[in-house]
Amino acid sequence: MKTHLNLLLLLWFCCSCAQLNYLDQAQNAFNQGANLETNLSFGEPALLGQPSAAGSQAMSLATPDLCYRLAYAQVNKALLKDSKLKADGVLVNAHSLRALSAWKLGLYTQATESALAAKIALQDSDVPLPREAAMMTALEGLIQADQAFVAVQKFKLDNQTRSTSPNASEALNLMANIRKQYEADIINGNGTGKIEKALSILDNAKLEVAGRADIQTYFIMSQLAALKTWLDELDQIYSLLKTFGFASNNNNDLKRWFDQENDRFTQKRNLYMGQLAPLLPQQKENVMYKRWEEWLFN
């Protein structure tokens, strides 16, 4: 009987080790993807260092997408035995990592489901995990910002490929439709625009980690990235206003609306840039701060 018990304990230990190994591989792959993505975004060399357990020498040639796919695959393997992860106190971490990996891959339904699972696991956990809790709060905002970005990229492409110039009546109808789309994708003052929702959700997430400068910095830069999407939309709209002859007349409704939205953007930009500076070494002299200035001040 004792031999059988020892064998069962050994089997349980091996299974537990396997699940933790999958989770460790997933975390390593996700971290490398995030590192690559950050370096590429800020124009820095993509240095991965030594390949981790997440992937052999192929990881030295990895892209962010490849790293996130590997992370997603490995964490799914880990979660096949979620009872083992719960016993080891890492179930919240696993669901959180799956949510973030799914988000990075554009699998928004899976990301939302995993974020909910992480929040449920957090309620059952005796260990406070403020970073994971805040990230799961922020995730819906990050998704909203991504969806707005995709919509704005499509808007830019549509403008570039427009082959005919509309007459005055057609131009007014076109701008009316663009304004409706802007209010759905960016902001409308009712809290339902995608960028508007993203900024609000991330503001709430920041409150959950008020004492964590690193996470605060990440959330603020996510908000600044959302503002870059907003600015791109405004730039496209202003270009159309000029093309259609609406930009030179300050008394028309479209120009007044555009100026109002531009002012609203400026207020948000100044707010979040003001929040970012104190969190960075050298504050406004920091390279990241200066890069955001280049992107958001024009």
Side-chain angles (χ1 to χ4, degrees), residues 34 37-38 41-42 64 68 96 99-116 118-119 130-156 178-210 212 214-237 260-276 279 288-289 291-293 295-298:
E37 188 175 9
T38 299
S41 296
F42 286 93
Y68 295 138
S96 299
L100 293 173
S101 300
W103 160 56
K104 285 295 187 179
L105 294 171
L107 304 173
Y108 298 137
T109 299
Q110 294 89 328
T112 300
E113 290 172 350
S114 292
L116 178 59
K119 290 178 181 178
R131 183 187 67 174
E132 283 75 6
M135 283 301 302
M136 294 305 96
T137 296
L139 191 59
E140 181 57 31
L142 298 172
I143 290 172
Q144 292 288 325
D146 278 2
Q147 291 174 333
F149 173 81
V150 171
V152 171
Q153 294 307 303
K154 182 179 182 304
F155 177 48
K156 291 168 68 173
I178 286 172
R179 179 171 173 175
K180 288 180 182 178
Q181 195 61 47
Y182 171 92
E183 291 175 347
D185 293 331
I186 308 298
I187 191 167
N188 55 47
N190 296 324
T192 58
K194 288 184 173 63
I195 293 297
E196 190 174 16
K197 288 167 68 176
L199 298 177
S200 177
I201 291 168
L202 287 163
D203 278 337
N204 290 335
K206 287 188 294 188
L207 295 176
E208 296 184 20
V209 284
R212 290 290 302 269
D214 55 338
I215 309 176
Q216 288 272 328
T217 301
Y218 177 78
F219 288 158
I220 293 170
M221 287 202 289
S222 297
Q223 291 175 307
L224 293 175
L227 290 184
K228 180 63 170 69
T229 296
W230 187 351
L231 180 61
D232 287 347
E233 178 89 342
L234 288 173
D235 286 345
Q236 290 295 309
I237 291 174
Q260 169 190 298
E261 295 307 304
N262 195 53
D263 288 344
R264 194 182 337 221
F265 163 81
T266 300
Q267 290 172 11
K268 288 290 187 181
R269 179 199 63 196
N270 293 344
L271 171 66
Y272 294 128
M273 290 294 287
Q275 291 179 4
L276 178 65
L279 298 174
M288 284 190 177
Y289 186 92
R291 192 62 56 86
W292 284 115
E293 277 189 322
W295 289 335
L296 296 177
F297 291 76
N298 60 13

Engineer: What is the distance from atom CZ of Phe297 to atom CG of Leu231, rounded to the nearest 0.5 Å?
Structural biologist: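 Answer rounded to 0.5 Å: 10.5 Å.
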Engineer: So, the side chain of Arg269 versus the backbone of Leu296: is there a donor-acceptor pair under 3.5 Å, distance only?
Structural biologist: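 Between the backbone of Leu296 and the side chain of Arg269 there is a qualifying donor-acceptor contact (under 3.5 Å).
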Engineer: Compare every heavy atom of Asp185 with every heavy atom of Ala151, then report the nearest pair and how far apart it is.
Structural biologist: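 For Ala151 versus Asp185, the nearest heavy atoms are CB-OD2, 3.4 Å.
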Engineer: Decide side chain to side chain contact (heavy atoms under 4.5 Å, CB included) for Met135 and Ser96; before the verdict, give the C-alpha distance in whole Å, the side-chain angles of both, and the deciding distance to 0.1 Å.
Structural biologist: CA-CA 8 Å; Met135 283 301 302; Ser96 299; over 6 Å; no
Engineer: Are side-chain heavy atoms of Gln110 and Trp103 found at a separation under 4.5 Å?
Structural biologist: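 Gln110 does not reach Trp103 side chain to side chain.
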Engineer: Side chains of Lys206 and Gln275: donor-acceptor distance under 3.5 Å anywhere?
Structural biologist: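 Present: a donor and an acceptor within the cut-off.
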Engineer: Considering all heavy atoms of both residues, which atom of Pro64 and which atom of Glu37 are nearest to each other, and what is their separation?
Structural biologist: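 Shortest heavy-atom contact: CG-N, 3.9 Å.
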Engineer: Kindly compute the distance separating CG (Leu199) from CH2 (Trp230), expressed to the nearest 0.5 Å.
Structural biologist: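 Leu199 atom CG to Trp230 atom CH2 measures 7.0 Å (nearest 0.5 Å).
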Engineer: Would you please say whether a donor-acceptor pair under 3.5 Å links the side chains of Asn188 and Thr192?
Structural biologist: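 Yes, a side-chain donor-acceptor pair sits under 3.5 Å.
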Engineer: Using every non-hydrogen atom in the two residues, find where Ala134 and Ala205 come nearest and quote the distance to one decimal.
Structural biologist: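 Nearest pair, atom of Ala134 first, then Ala205: O-CB, 3.7 Å.
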Engineer: Evaluate Ile143 against Gln147 for side chain to side chain contact (heavy atoms under 4.5 Å, CB included), listing each step before the verdict.
Structural biologist: CA-CA 6 Å; Ile143 290 172; Gln147 291 174 333; 4.0 Å; yes
Engineer: Quick one: closest heavy-atom pair of Ala145 and Ala226, and the distance?
Structural biologist: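 The pair with the smallest heavy-atom distance is CB-CB, 4.2 Å.
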Engineer: Tell me every residue that passes ring-ring contact (aromatic ring centres under 6.0 Å, His included) with Tyr218, counting only those two or more places apart in sequence or in another chain.
Structural biologist: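 Result, ring-ring contact (aromatic ring centres under 6.0 Å, His included) vs Tyr218: none returned.
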Engineer: Could you state the interatomic distance from CZ (Arg291) to CG (Leu224), rounded to the nearest 0.5 Å?
Structural biologist: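 Those atoms lie 14.0 Å apart.
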Engineer: Going from CZ on Arg264 to OG1 on Thr266, what distance comes out if it is rounded to the nearest 0.5 angstrom?
Structural biologist: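 Result: 11.5 Å between the selected atoms.
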Engineer: What residues, two or more places apart in sequence or in another chain, satisfy ring-ring contact (aromatic ring centres under 6.0 Å, His included) together with Tyr68?
Structural biologist: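 Here the qualifying residues are Phe30.
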Engineer: Looking at side-chain heavy atoms only, is the closest gap between Val150 and Asp146 below 4.5 Å?
Structural biologist: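 Val150 does not reach Asp146 side chain to side chain.
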Engineer: Would you call Ile195 and Ile187 a side-chain contact if the rule is heavy atoms closer than 4.5 Å?
Structural biologist: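 Contact flag for Ile195/Ile187 side chains = no.
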Engineer: Find out whether Phe155 and Ile178 are in side-chain contact, i.e. whether some heavy atom of one side chain is under 4.5 Å from a heavy atom of the other.
Structural biologist: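 Sidechains of Ile178 and Phe155: in contact.
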Engineer: Do the side-chain N and O atoms of Tyr182 and Glu261 include a donor-acceptor pair separated by under 3.5 angstrom?
Structural biologist: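 Glu261 and Tyr182 do have a side-chain donor-acceptor pair below 3.5 Å.
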Engineer: As an exercise, state the distance from CG of Leu142 to CG of Leu202, rounded to the nearest 0.5 Å.
Structural biologist: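 Answer for the CG-CG pair, Leu142 versus Leu202, is 5.0 Å.
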Engineer: Working note: Asp203 + Gln223, criterion side chain to side chain contact (heavy atoms under 4.5 Å, CB included); need CA distance, chi angles, decisive distance, verdict.
Structural biologist: CA-CA 9 Å; Asp203 278 337; Gln223 291 175 307; 2.9 Å; yes
Engineer: Using a 3.5 Å distance criterion without hydrogens, assess whether the side chain of Gln216 forms a donor-acceptor pair with backbone atoms of Val209.
Structural biologist: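 Yes; judged by distance alone, with no hydrogens or angles, the pair exists.
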Engineer: Should Glu233 and Lys156 count as an ion pair when the cut-off is N to O under 4.0 Å?
Structural biologist: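 Looking at Glu233 and Lys156, the cut-off is not met.
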Engineer: Does the side chain of Asn190 pick up a donor-acceptor pair with the side chain of Glu183 at under 3.5 Å?
Structural biologist: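 Side chains of Asn190 and Glu183: no pair found under 3.5 Å.
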Engineer: Taking the side chain as everything from C-beta on, heavy atoms only, tell me whether Gln181 gets closer than 4.5 Å to Ile186.
Structural biologist: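 They are not in side-chain contact.
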Engineer: Can you tell me which residue pairs pass the side-chain hydrogen bond (donor to acceptor under 3.5 Å, both in side chains) test with a partner in residues 193-202, sequence neighbours excluded?
Structural biologist: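 Those involving residues 193-202 do not exist here.
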Engineer: With a 4.5 Å limit on heavy-atom distance, are the side chains of Met221 and Thr217 in contact?
Structural biologist: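 A side-chain contact exists here, since the closest heavy-atom pair is under 4.5 Å.
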Engineer: What is the distance from atom CG of Leu279 to atom CG of Asp214, rounded to the nearest 0.5 Å?
Structural biologist: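 That separation rounds to 9.5 Å.
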